[in-house]
Amino acid sequence: MLIKFLLFQRSIKKKMDVDSAGFTDLLQQAEQLTADIDGEGELPRVERNLRQIVDAGQQLWSRTTQAVSKDTCDIKASILLGSKGYDLPKISQKIESLTTARTFEPIEPIRETDIQGFLKNGALKIHLFLSPRRTFERSDKVFWETLESEWEQEKMKILNALVGPSQELLDVTTDSKSFLSETINLKTRSAMDNIEMLYAKELSSYNERAVRGGSKCNLAEKFRAIFKDLDDKKVLELWEMVETMTDIPLKADKDILAARCSLLTQTSLIKQARLYLEKKYFEYIQSIVFGNLLHAELGPRPGAYYAVRSFLKMKMPLQPTGLEDGLIDGNPVWAVIYYCLRCGKTDAAVSAAKNSGDSLKDFLPFLVEYEENEGSRLKPNSESQIQLQYRRTVRSSTDPFKRAVYCVLGCVTADSNPEVMDKTDDYLWMKLCQIRLEEETGNIPQDSLTFSKLQSQLLEEYGETHFNAYQQPFLYFQVLFLTAQFEAAVEFLFRIESLRCHAVHVAVVLYELNLLALSTSCNAPLLSKASADKPPMRRLNLSRLLMMYTKKFEATDPREALQYFYVLRDLKSSRGISLFMACVSELVLETKEYEMLLGKIEPDGCRKPGAVDKFLSDTQAIIEIVATDSENKGLYEDAIKLYDLAKKHDKVIEILNKLLSQVVPQMNVVGSNRQRLENVALSIAERYRMHGHTANPETTGTFFLLLDLMAFFNYYHNNQYVDALDTIKSLKLLPFENQEVEQKVTAFSSYSEEVRRNFPDILLATMNILYAEYKKTKQTVNITQDSRYKNENISQEKHISYLRSQASALITFAGMIPYRMPGDTNARLVQIEVLMI
């Protein structure tokens with residue numbers, strides 16, 4: 001046991017010796033490591049305990065696991081920039097030291113007793129706080145206004161394209177809100193056909209006479225003459241009807257509908273309508289008779305009676321049963337009287353009644369009285385006797401012609417007489433004969449037929465379906481037109497494409513004769529009615545009618561379109577300007593034919609007249625309207641040309657400044673907006689310098705300064721740094737010495753916004769030029785090779801120091817100017833300065 005204990009003790013001692021030797025070596029190694037750290041080693045000395053080292057290790061580990069964390073970005077940025085020789089912490093400190101306090105706060109602190117300064121500072125802070133909100137609100141307002149304006153234009157185009165019937169007529173009591181262009185090649189073929197060209201030619205002659213102040217000619221007669229040589233009987237009859245119906249006395253009145261509803265006018269309209277129907281029917285009888293003279297037995301003497309007698313022999317070779325009161329020359333006496341009245345030949349009807357014997361001796365006095373009144377009306381007493389006889393005996397008569405004659409003279413509307421009135425013309429003539437005009441007292445029987453009742457019956461009760469209007473358009477037009485429903489007649493005919501040109505020119509004739517009832521708003525439908533109008537009267541939107549018509553050919557024949565717009569010269573648009581001017585503005589903006597329509601400015605400053613000069617002696621106002629419309633629609637380059645044409649030099653320079661300020665820093669690429677604007681601006685600047693201008697001196701100064709800045713950027717983008725630097729120094733916008741900084745900062749506020757907005761790009765371009773000079777100098781052994789320093793003995797270090805001082809002055813200037821520059825501008829400026837250290 002003792003031996004085992006001694007052996008165990010010996011082994012423990014041996015092990016302790018070995019452990020002691022190990023600890024000694026470990027201690028020596030630690031001391032050696034400490035000595036190396038304290039020496040010239042690359043790693044810094046770390047004085048941390050174990051807990052701090054563990055925490056630092058965990059923090060480093062967490063950074064490496066979070067790839068998108070900010071710390072990771074900082075590490076990567078440090079590694080990237082550090083490999084290129086940039087000290088990120090130092091640059092960060094410089095950037096953080098930049099402050100915009102001078103922009104938002106006063107340079108000097110405000111004392112508690114400085115009430116004026118305190119209020120000024122408070123107002124400035126409020127302004128700076130509200131400025132972004134106001135900017136956004138204004139932007140939203142401009143956006144919605146522009147959107148609404150474009151929608152109004154598109155809506156007008158859609159409505160103009162829809163020329164179908166209006167199922168619901170609007171009550172136009174108030175004006176609604178007032179009224180994209182493509183390049184047109186005027187060398188294309190004309191869009192007008194032969195008939196439209198003939199109409200336009202006659203209208204042009206008519207307008208030319210009006211411009212010269214001559215007496216007006218009969219436009220309806222001129223249009224009718226077009227179709228005398230053309231094989232179009234229907235259209236010729238249409239113009240004969242228009243010419244007849246417009247040959248009435250009408251007093252000029254602001255309310256045309258009220259004038260047309262007067263007793264005198266309605267009497268004239270009914271008389272002219274009957275005259276046309278009677279004339280056409282007599283021509284029809286003559287064509288039948290003279291077309292078959294062998295069977296007509298016309299007789300030895302010409303006249304209406306013998307024509308009617310021959311017509312009846314051919315129409316009724318076998319006399320129908322039921323005819324009364326005998327014959328005259330082999331024809332039923334009442335048939336002869338009726339057809340004489342139908343032809344408007346009341347004298348022939350009286351002759352027939354006299355030659356009929358005693359059978360009509362009681363009726364003859366009434367017929368004579370009817371002739372003496374020129375076929376208008378019997379006296380009230382006589383009319384009452386005719387009506388009484390009709391109710392007692394004539395109503396039950398088997399002679400349809402006798403009943404028809406009594407209905408005509410006695411204004412009896414109870415009998416329709418289908419045996420006699422088998423045509424629409426006959427029915428319409430009979431109704432016009434039976435109309436009782438509303439006297440001033442308005443005391444007429446309820447069952448009497450008035451003009452308004454007849455109009456409502458034909459337009460609203462019967463309408464297009466009853467008359468099969470689209471298969472017989474001329475007939476339905478005649479029904480409406482002869483009942484003085486001019487607006488509805490024109491609107492219906494306009495819906496038929498092949499007849500549209502005739503409808504337009506009928507409307508022009510009516511308007512020129514002051515017979516057309518116009519809509520109360522230029523934005524109203526083509527056919528509308530106002531709440532104050534008596535039914536069934538309608539109003540026609542003449543401006544829309546003409547614009548829809550000219551839309552077809554205004555691109556290829558703008559001169560002809562002007563002729564139609566000139567018709568609207570006395571009407572006002574919703575903006576309060578002449579509709580002629582408003583339409584011309586739309587025409588110019590659509591076709592882009594500024595020079596042809598409005599003229600152009602010659603190189604010598606004189607204006608070459610355009611097509612509009614034919615209508616106006618002073619075109620200044622209309623050119624200004626077109627220019628304003630162009631500007632409102634965002635067509636600024638077109639507005640520049642138009643304002644220049646109108647000699648509004650202030651507006652020309654103002655818009656040019658706005659456009660140039662947006663493209664000044666850009667590279668001058670061939671075909672770019674910048675090159676186009678620069679060419680326009682240079683041509684205008686040259687002409688204004690040579691021939692003078694009326695623009696504001698401050699605006700003009702800004703204009704020429706922007707041109708000089710464009711030259712600076714042209715040099716800069718072409719790497720002509722020497723010329724660019726000389727140019728920017730000659731403009732004296734930037735400080736290149738520290739003592740100039742305050743002076744340039746003070747002068748900065750005097751520049752317009754168009755110039756100030758370009759200062760960030762000017763500063764960056766100038767700093768890049770200085771940096772390019774710095775790199776060039778670094779690589780040059782002797783600076784004296786540069787032409788600017790040829791006669792100077794400047795060392796390389798001194799020139800580098802000079803460039804650095806210029807850069808420093810620019811950096812100081814950028815930090816002091818009261819202008820909010822883009823976020824990266826200051827950083828880029830500082831970065832360039834750091835590169836020059």
Side-chain angles (χ1 to χ4, degrees), residues 156-170 172 191-193 195-200 202-203 219-220 223-224 226-227 232 234-235 237-239 241-242 245-246 256 455 458-459 463-465 467-513 515-519 521-529 536-554 560-561 563-565 567-568 571 579 583:
M156 290 294 293
K157 291 181 180 179
I158 294 172
L159 290 175
N160 291 341
L162 299 175
V163 294
S166 302
Q167 298 299 330
E168 296 181 0
L169 300 176
L170 301 181
V172 185
M192 302 180 72
D193 58 29
I195 300 299
E196 292 169 343
M197 290 295 292
L198 292 174
Y199 272 132
E202 291 297 335
L203 183 62
L219 191 56
F223 289 154
R224 180 175 63 86
I226 296 175
F227 296 94
D232 198 337
K234 291 290 186 182
V235 179
E237 290 179 352
L238 179 145
W239 281 112
M241 177 172 51
V242 173
M245 289 297 294
T246 54
I256 295 176
Q455 290 172 333
L458 296 175
L459 177 64
E464 300 174 12
T465 305
F467 291 99
N468 199 12
Y470 282 96
Q471 279 66 43
Q472 304 179 87
F474 287 102
L475 177 63
Y476 187 60
F477 174 83
Q478 174 181 298
V479 168
L480 296 179
F481 202 85
L482 291 178
T483 53
Q485 302 186 84
F486 302 140
E487 298 75 21
V490 169
E491 190 269 343
F492 163 73
L493 205 63
F494 185 79
R495 284 189 252 134
I496 303 174
E497 186 174 358
S498 59
L499 304 177
R500 188 166 299 165
C501 63
H502 307 304
V504 169
H505 294 89
V506 170
V508 171
V509 169
L510 293 171
Y511 172 71
E512 289 295 320
L513 294 174
L515 286 170
L516 190 67
L518 301 178
S519 301
S521 170
C522 61
N523 294 326
L526 195 59
L527 192 66
S528 61
K529 62 179 179 180
M537 305 308 293
R538 301 289 191 267
R539 295 180 179 271
L540 187 72
N541 191 337
L542 182 64
S543 60
R544 173 172 290 184
L545 184 85
L546 294 181
M547 285 188 286
M548 292 168 66
Y549 175 67
T550 56
K551 199 72 176 178
K552 171 186 175 183
F553 56 84
E554 67 180 13
E560 282 68 24
Q563 302 291 340
Y564 291 91
F565 295 152
V567 176
L568 305 173
L571 301 180
L579 267 177
C583 291

Tell me, do [X] and [Y] make a side-chain contact under 4.5 Å, heavy atoms counted?
X	Y	answer
Arg495	Glu464	yes
Asn541	Leu518	no
Arg539	Leu527	no
Tyr511	Leu571	yes
Glu560	Met192	yes
Leu459	Met537	no

Any chance you could measure [X], atom [atom1], to [Y], atom [atom2], to the nearest 0.5 Å?
X	Y	atom1	atom2	value
Trp239	Leu219	CH2	CG	7.0 Å
Asp193	Cys501	CG	SG	6.0 Å
Leu579	Arg544	CG	CZ	12.0 Å
Asp232	Ile226	CG	CD1	11.5 Å
Cys522	Leu542	SG	CG	11.5 Å
Gln478	Leu238	CD	CG	9.5 Å

Next item on the list: List the steps, then state whether side chain to side chain contact (heavy atoms under 4.5 Å, CB included) holds for Phe494 with Leu499.
Entry: CA-CA 6 Å; Phe494 185 79; Leu499 304 177; over 6 Å; no

If every non-hydrogen atom of [X] is compared with every non-hydrogen atom of [Y], which pair is closest and at what distance?
X	Y	value
Leu540	Glu491	CD1-CB, 4.2 Å
Arg538	Ala517	O-CB, 3.8 Å
Phe477	Val506	CZ-CG1, 4.3 Å
Ala220	Val242	CB-CG1, 4.4 Å
Leu526	Met548	CD1-SD, 4.4 Å
Leu516	Ala507	CD2-O, 3.8 Å

Check: Between the side chain of Ser521 and the main-chain N/O of Asn523, is any donor-acceptor distance below 3.5 Å?
Finding: yes

Margin query: Taking Ala524's backbone N and O only, do any of them form a donor-acceptor pair with Ser528's side chain (distance below 3.5 Å, no angle check)?
Written below: no

Checklist line | Short N-O contact, Glu237 and Arg224, less than 4.0 angstrom | finding: no

Note to self: Working note: Phe223 + Glu202, criterion side chain to side chain contact (heavy atoms under 4.5 Å, CB included); need CA distance, chi angles, decisive distance, verdict.
What the structure shows: CA-CA 7 Å; Phe223 289 154; Glu202 291 297 335; 3.7 Å; yes

Checklist line | Verdict with reasoning, Ile195 to Val235, per side chain to side chain contact (heavy atoms under 4.5 Å, CB included) | finding: CA-CA 11 Å; Ile195 300 299; Val235 179; over 6 Å; no

Checklist line | Plane angle bin for Tyr199 and His505 - parallel if under 30°, tilted between 30 and 60°, otherwise perpendicular | finding: parallel

Notebook entry, point to check: Parallel, tilted or perpendicular for Phe553 and Tyr549, by the 30°/60° rule?
Noted result: perpendicular

Next item on the list: Kindly determine whether Phe565 and Met547 satisfy side chain to side chain contact (heavy atoms under 4.5 Å, CB included), including the steps that lead there.
Entry: CA-CA 8 Å; Phe565 295 152; Met547 285 188 286; 4.1 Å; yes

Check: What about the rings of Phe227 and His502, do their centers lie closer together than 6.0 Å?
Finding: yes

Next item on the list: Determine whether the aromatic ring centres of Tyr470 and Phe492 lie less than 6.0 Å apart.
Entry: yes

